[in-house]
Amino acid sequence: MRVLFAASGWPTHYMAMVPLAWALRTAGHDVRVAAQPSMHPVIVRSGMPAVGVGPDVDFAAVRRRTLPHERRDTDRPETAEELRAAAERDDGGLFRAWNEATTAALDDTVAFARAFRPDLIIGDTMAPAALVAAHVLGVVGVRHLWGPDILGSPNGEKILDVLPGYWEQFERHGVRPFGDPAHRTVSPCPPSLRMPAAPSLLPLRWVPYNGTGHVPDWLSEPPARPRVCITWGTSTTDVVGRTEVSVPDVLDALHGLDADIVVTVTAAERKAIGTPPRGVRVLENAPLHLLLPGTSLLVHQGGFMTALTAAYHGVPQLVVPLLPNQESDAEVLEQSGVARRLPAKEADTQRLREVAEAVLNVPSYAEAAERVRDEILAQPAPQEVAGTLRDLAVAGV
């Protein structure tokens with residue numbers, strides 16, 4: 001069959017869908033990925049064919065513009081009433097900006113879908129064109145999550161009913177679904193890390209994919225001491241820039257631990273580090289999933305795909321959230337026992353070191369990480385989910 005993926009302008013959101021795209025492709029299906037032009041290098045490097053739709057939208061710039069509105073409303077809405085109240089307070093600053101950004105490729109995506117005639121359409125939550133196109137064509141449409149999301153919970157349908165500008169995109173193309181427009185929602189979150197699941201939720205085993213790269217020779221040898229990895233997330237860095245807590249600050253705090261320190265950074269972050277302390281390895285643009293086997297602690301800013309990659313490898317975590325969504329996601333990780341959350345305003349050198357040592361030395365963190373790893377491995381593999389989606393597509397809607 002033909003399968004169309006629709007990706008938003010966040011590379012990491014597309015990377016979360018890559019294992020399922022691989023599974024469908026290796027099952028013999030014709031897979032295409034529709035995305036804005038700037039996403040094409042990321043898509044092509046993953047082994048998938050890219051289709052250009054819409055103009056380029058700088059999603060990081062949109063997030064920088066809407067961040068003050070997010071920080072003003074510190075509580076994330078979890079009910080329709082809370083979302084409606086937030087929308088009224090927002091006066092278009094947050095919701096209108098994201099509605100425009102996420103629907104910029106909608107018309108082109110629908111036009112390509114009409115020409116390609118896919119049997120199945122899959123998109124991340126910030127690519128609503130996938131579900132619009134699915135209803136226009138009358139085929140199965142799937143929402144693909146990348147972390148805890150209210151849209152995969154029983155309250156999701158009520159949230160969509162009051163989400164400003166959401167249904168207008170469907171109506172503009174002559175369709176108006178009843179209830180949740182996604183026929184299924186795929187979630188890579190294990191039970192301990194997700195919200196209560198809606199009946200339409202399809203669990204998916206998280207298979208880490210953080211891009212391509214070379215495996216350093218030294219990774220083939222077991223570490224002589226505990227290994228601590230530090231990553232600060234490309235997307236977060238693009239949004240917040242240098243904050244009150246940065247990679248050099250974390251290095252200052254952790255230098256001197258009886259551990260091997262490995263830092264993976266972008267080229268811009270590499271310049272900010274300068275000459276690293278003795279015994280610290282600094283790698284540019286190294287895929288995280290290559291570094292985590294054999295690691296005892298991951299320190300990061302709270303990107304949930306980073307957290308899932310650590311959980312897949314059974315690695316305890318220290319999370320210093322820098323964005324509002326990272327705050328709430330860090331709470332989920334802390335409640336599961338796999339991580340300690342350290343708010344950025346509290347993350348001075350002394351506290352960073354104290355909490356890192358606690359996570360390294362208290363057995364409960366490693367035990368919880370192994371438990372969540374077992375949960376991840378117990379979820380259906382991408383090949384199995386691909387088969388389920390094929391059966392749904394064959395049965396029709």
Side-chain angles (χ1 to χ4, degrees), residues 10-23 42 45-46 124 144-149 186-194 203-216 219 223 226-237 247 250 261-266 283-323 325-326 329-330 332-334 336-341 359 365-366 368-379 381-382:
W10 289 113
T12 50
H13 294 181
Y14 167 69
M15 290 177 183
M17 299 191 292
V18 166
L20 183 56
W22 283 341
V42 176
R45 282 197 297 270
S46 76
D124 78 58
H144 197 303
L145 304 181
W146 64 85
D149 195 319
V186 170
S187 174
C189 290
S192 292
L193 302 181
R194 69 172 176 240
L204 170 72
R205 182 184 307 165
W206 177 256
V207 177
Y209 173 73
N210 311 113
T212 56
H214 298 284
V215 181
L219 277 178
R227 179 187 300 146
V228 176
C229 284
I230 303 168
T231 183
W232 228 234
T234 302
S235 298
T236 300
T237 302
V247 172
V250 178
I261 309 294
V262 181
V263 187
T264 174
V265 294
T266 63
L283 304 177
E284 285 187 27
N285 302 316
L288 187 62
H289 65 272
L290 299 180
L291 305 179
L292 290 186
T295 293
S296 300
L297 171 65
L298 176 67
V299 184
H300 64 103
Q301 86 302 336
F304 210 82
M305 283 171 285
T306 297
L308 282 175
T309 300
Y312 176 88
H313 291 288
V315 178
Q317 305 170 47
L318 165 54
V319 184
V320 184
L322 303 176
L323 295 169
N325 62 295
Q326 293 171 351
D329 289 346
V332 171
L333 294 166
E334 188 170 58
S336 75
V338 304
R340 277 285 297 274
R341 174 177 59 94
V359 178
Y365 293 104
E370 284 299 320
R371 174 178 52 78
V372 174
R373 170 176 162 79
D374 290 342
E375 287 184 8
I376 290 174
L377 296 180
Q379 300 213 116

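Residue numbers count from 1 along this sequence. Only a predicted model underlies this, so the values are computations on that prediction, with no experimental measurement involved.
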Heavy-atom pair of closest approach, residues [X] and [Y]:
{"X": "V372", "Y": "P190", "value": "CG1-CG, 3.9 Å"}
{"X": "A368", "Y": "S336", "value": "CB-O, 3.8 Å"}
{"X": "R194", "Y": "Q379", "value": "NH1-OE1, 3.0 Å"}
{"X": "S192", "Y": "R371", "value": "OG-NH1, 3.1 Å"}
{"X": "A330", "Y": "P321", "value": "CB-CG, 4.1 Å"}
{"X": "P208", "Y": "H313", "value": "CG-NE2, 4.3 Å"}

With a 3.5 Å distance limit and no angle check, can you tell me whether [X] reaches the backbone of [Y] through a side-chain donor-acceptor pair?
{"X": "Q317", "Y": "H300", "value": "no"}
{"X": "E334", "Y": "R341", "value": "yes"}
{"X": "T264", "Y": "A286", "value": "yes"}

So do the side chains of [X] and [Y] get within less than 4.5 Å of each other, counting heavy atoms only?
{"X": "N325", "Y": "F304", "value": "no"}
{"X": "W206", "Y": "T309", "value": "yes"}
{"X": "L145", "Y": "P188", "value": "yes"}
{"X": "R45", "Y": "V18", "value": "no"}
{"X": "V319", "Y": "R340", "value": "no"}
{"X": "W146", "Y": "M15", "value": "no"}
{"X": "W10", "Y": "V42", "value": "no"}

Pair Q301-V250, side chain to side chain contact (heavy atoms under 4.5 Å, CB included): steps then yes or no: CA-CA 11 Å; Q301 86 302 336; V250 178; over 6 Å; no
Could you tell me the separation between the [atom1] atom of [X] and the [atom2] atom of [Y], rounded to the nearest 0.5 Å?
{"X": "L377", "Y": "R373", "atom1": "CG", "atom2": "CZ", "value": "4.5 Å"}
{"X": "N210", "Y": "L290", "atom1": "CG", "atom2": "CG", "value": "8.0 Å"}
{"X": "L308", "Y": "H289", "atom1": "CG", "atom2": "NE2", "value": "14.5 Å"}
{"X": "L219", "Y": "R227", "atom1": "CG", "atom2": "CZ", "value": "5.5 Å"}
{"X": "H144", "Y": "D149", "atom1": "NE2", "atom2": "CG", "value": "12.5 Å"}
{"X": "Y312", "Y": "L288", "atom1": "OH", "atom2": "CG", "value": "13.5 Å"}

Mind listing the side-chain donor-acceptor pairs of residues 292-299 below 3.5 Å, one per line with the distance, residues two or more places apart or on another chain?
unit_1, atom_1, unit_2, atom_2, d
T295, OG1, L291, O, 2.9
T295, OG1, L292, O, 3.3

